[in-house]
Asker: 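Pasting in a structure now, in structure tokens, and then I'll have a few things to ask.
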Amino acid sequence: MTAKPVHDTMDQFALQGDELSVGGVPLTLLAQRVGQTPFYAYDRGLLRARVAALRHALPAGVKLHYAMKANPMPAVVGLMAGLVDGIDVASAGELKVALDAGADPAEISFAGPGKRDAEIRQSVAAGVLVNVESERELPVLAQAAADIGRSARVAVRVNPDFELKGSGMKMGGGPKQFGVDAERVPALLAQVGALGLDFEGFHLFAGSQNLRAESICEAQQKSYELALRLADAAPSAVRFLNLGGGFGIPYFPGERRLDLAPIGANLAALQERARREMPAAAFVIELGRYLVGEAGVYVARVVDRKVSRGHVYLVTDGGLHHHLSASGNFGQVVRKNYPVTVGNRAAAAERELVSVVGPLCTPLDLLADRMELPTAAIGDLVVVFQSGAYGASASPQAFLGHPGCVEVLV
Ligand SMILES: *Cc1c(COP(=O)(O)O)cnc(C)c1O
């Protein structure tokens with residue numbers, strides 16, 4: 001049998017002999033350097049290359065923000081802060097990481113429903129932009145500005161009157177806990193003006209994990225048009241227009257990487273319109289998963305190899321508790337396998353059909369269901385690709401009391 005990649009996404013990580021490498025370090029050596037399994041490893045070179053590719057594809061002048069909820073590891077945020085134009089945070093905890101990382105407060109924005117009063121005050125003190133998601137936040141912002149003696153920078157997050165088609169997770173359109181319904185925004189803008197808040201613009205985020213360029217372009221066009229309509233009711237010119245993101249990455253067989261060219265062309269056309277219609281507005285695109293997702297792997301060690309009624313189970317020291325999304329339990333409707341290989345034998349010709357499971361006492365703890373993988377032995381390193389986003393921080397590490405995982409940036 002010839003060695004073939006389990007999935008196209010393997011092409012990102014170079015092979016050294018049979019072995020996969022991350023950031024130029026062969027996997028077994030990296031595991032020794034980390035000192036334990038399981039771990040996540042993020043590749044600096046791939047993160048840099050991804051940002052460079054985006055810059056190349058998007059028109060100059062479109063600001064690129066990193067939505068750090070995708071991967072809040074401080075070293076990753078520190079690297080990203082130096083590569084992108086701004087950081088989007090969704091809690092005071094994330095705000096601290098972004099500020100510690102050296103991100104410019106002028107280019108940090110804070111979105112999220114249910115902001116606590118203390119978080120709003122911290123944001124005003126830090127001088128970051130607050131994306132208002134509720135009428136309730138306005139008087140809190142005004143009071144914070146008065147108490148602290150700094151202006152409160154605000155943008156209005158709009159719950160649009162459309163959805164992002166083909167999106168893995170919809171976060172706009174219809175009734176939503178996110179943003180302010182478009183039809184209620186004019187009244188809210190009047191209040192922003194009356195309270196003397198420093199209005200900067202609009203934030204629209206229609207959804208996530210979209211692999212269809214046409215849908216993203218359509219959402220950006222509709223977002224732009226909605227912002228243009230709402231701008232009539234704004235207390236001052238729109239300087240900030242966050243058109244969202246939602247750029248997806250391929251996880252499953254048959255999925256293809258997003259084509260950036262039409263998105264770049266669409267944004268250029270919208271910028272051209274904005275020069276006439278909203279001349280002060282700077283466009284922002286906010287991306288989480290797309291920036292970091294493909295640059296990370298999750299690595300767990302095979303601790304047992306069991307055969308149950310003819311089916312091989314590789315039991316690893318990692319699983320659902322570190323990597324909820326690869327187990328299929330983070331928003332997926334139908335469970336599908338993430339791309340997986342045996343990292344220290346990635347190019348080995350000998351393969352077998354196996355399931356990879358974790359140590360948790362639940363059938364949900366599944367990393368690969370009936371996949372053809374290089375034939376593995378106890379001690380081998382199972383690698384889950386596409387693991388740079390929504391991994392460690394999005395997993396219930398305390399569930400069942402196993403050791404936590406480590407994260408490294410290589
Ligand atoms: C989660 C989120 C993002 C990031 O989504 P990705 O799919 O990781 O790109 C961006 N903006 C907002 C408002 C979010 O809630």
Side-chain angles (χ1 to χ4, degrees), residues 42 47 50-51 54 58 62-73 76-77 80 84-91 93-95 98 107-115 119 123 128-134 137 154-160 163-173 176-180 201-213 215-216 219-220 223 227 240-251 255 257-258 260 263 283-296 324-325 330-332 386-395:
Y42 314 118
L47 291 169
R50 179 50 64 104
V51 174
L54 265 168
L58 303 186
V62 171
K63 289 186 183 177
L64 201 53
H65 278 203
Y66 174 47
M68 63 169 279
K69 85 166 188 272
N71 188 328
M73 183 205 187
V76 168
V77 179
M80 297 307 286
V84 299
D85 303 303
I87 306 284
D88 290 339
V89 305
S91 68
E94 287 193 351
L95 175 60
E107 299 290 346
I108 294 177
S109 58
F110 180 8
K115 296 180 194 75
E119 292 183 301
S123 304
V128 306
L129 180 68
V130 175
N131 293 331
V132 169
E133 311 230 3
S134 158
E137 294 176 4
V154 302
V156 177
R157 180 170 179 182
V158 183
N159 176 25
E163 288 191 340
L164 178 53
K165 283 185 203 141
S167 195
M169 238 181 248
K170 290 187 172 56
M171 291 177 68
K176 286 283 178 299
Q177 74 267 50
F178 307 109
V180 177
F202 297 109
H203 174 213
L204 294 108
F205 184 76
S208 189
Q209 179 51 22
N210 201 316
L211 288 169
R212 286 166 47 193
S215 311
I216 291 173
Q220 288 173 342
S223 296
F240 167 95
L241 182 53
N242 184 336
L243 291 172
F247 298 14
I249 62 171
Y251 288 101
E255 290 185 342
R257 287 204 174 95
L258 184 63
L260 291 178
I263 299 173
F283 284 11
V284 174
I285 297 294
E286 57 176 3
L287 302 172
R289 185 194 314 269
Y290 189 80
L291 291 175
V292 295
E294 297 205 53
L324 190 65
S325 46
F330 190 66
Q332 294 95 329
Q386 307 298 79
S387 295
Y390 305 107
S393 70
S395 301

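Keep in mind it's a predicted model, so treat the numbers as computed, not measured. FYI, side chains are in, hydrogens and waters are out, and symmetry mates aren't considered; it's all heavy atoms of this structure. Ligands are counted one by one from 1 in listed order, and the atoms in each one are counted from 1 as well.
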Asker: Quick one: does Y290 get a heavy atom under 4.0 Å from ligand 1?
Answerer: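 Distance cut 4.0 Å: Y290 fails for ligand 1.
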Asker: May I ask you to list the atoms of ligand 1 that are less than 4.0 angstrom from any heavy atom of Y390?
Answerer: 1 (C), 4 (C), 5 (O), 6 (P), 8 (O)
Asker: Identify which of G245, S208, S109 has a heavy atom lying nearest to atom 7 (O) of ligand 1.
Answerer: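 The nearest heavy atom belongs to S208.
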Asker: So, are E294 and R289 salt-bridged, with charged N and O less than 4.0 Å apart?
Answerer: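 No.
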Asker: Could you check whether E133 and H203, counting side-chain N and O atoms only, form a donor-acceptor pair closer than 3.5 Å?
Answerer: no
Asker: Is the NZ or CZ atom of K115 both under 6.0 Å from the centre of the six-membered ring of F110 and within 45° of that ring's axis?
Answerer: yes
Asker: So if I count the atoms of ligand 1 from 1 in the order they appear, which ones are less than 4.0 Å from some heavy atom of H203?
Answerer: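 So the atoms of ligand 1 that pass are 13 (C).
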Asker: N/O to N/O below 3.5 Å, does that happen between R157 and ligand 1?
Answerer: no
Asker: Can you find a pair of side-chain heavy atoms, one from L47 and one from V292, that are under 4.5 Å apart?
Answerer: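 SC-SC contact between L47 and V292 confirmed.
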Asker: Can a donor-acceptor pair be found between the side chains of Y290 and R257 at a distance below 3.5 Å?
Answerer: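 There is no such pair between these side chains.
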Asker: Compute both the distance and the angle, then confirm whether R157 meets the cation-pi test with F202: under 6.0 Å from the six-membered ring centre, within 45 degrees of the axis.
Answerer: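 Because its charged atom misses either the 6.0 Å distance or the 45° angle limit, R157 does not stack over F202.
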Asker: Counting from 1, what ligand 1 atoms have a heavy atom of A67 closer than 4.0 Å?
Answerer: 3 (C), 4 (C), 10 (C)
Asker: Report yes if E286 has an N/O atom closer than 3.5 Å to an N/O atom of ligand 1; otherwise report no.
Answerer: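 In this structure, E286 places an N or O atom under 3.5 Å from an N or O of ligand 1.
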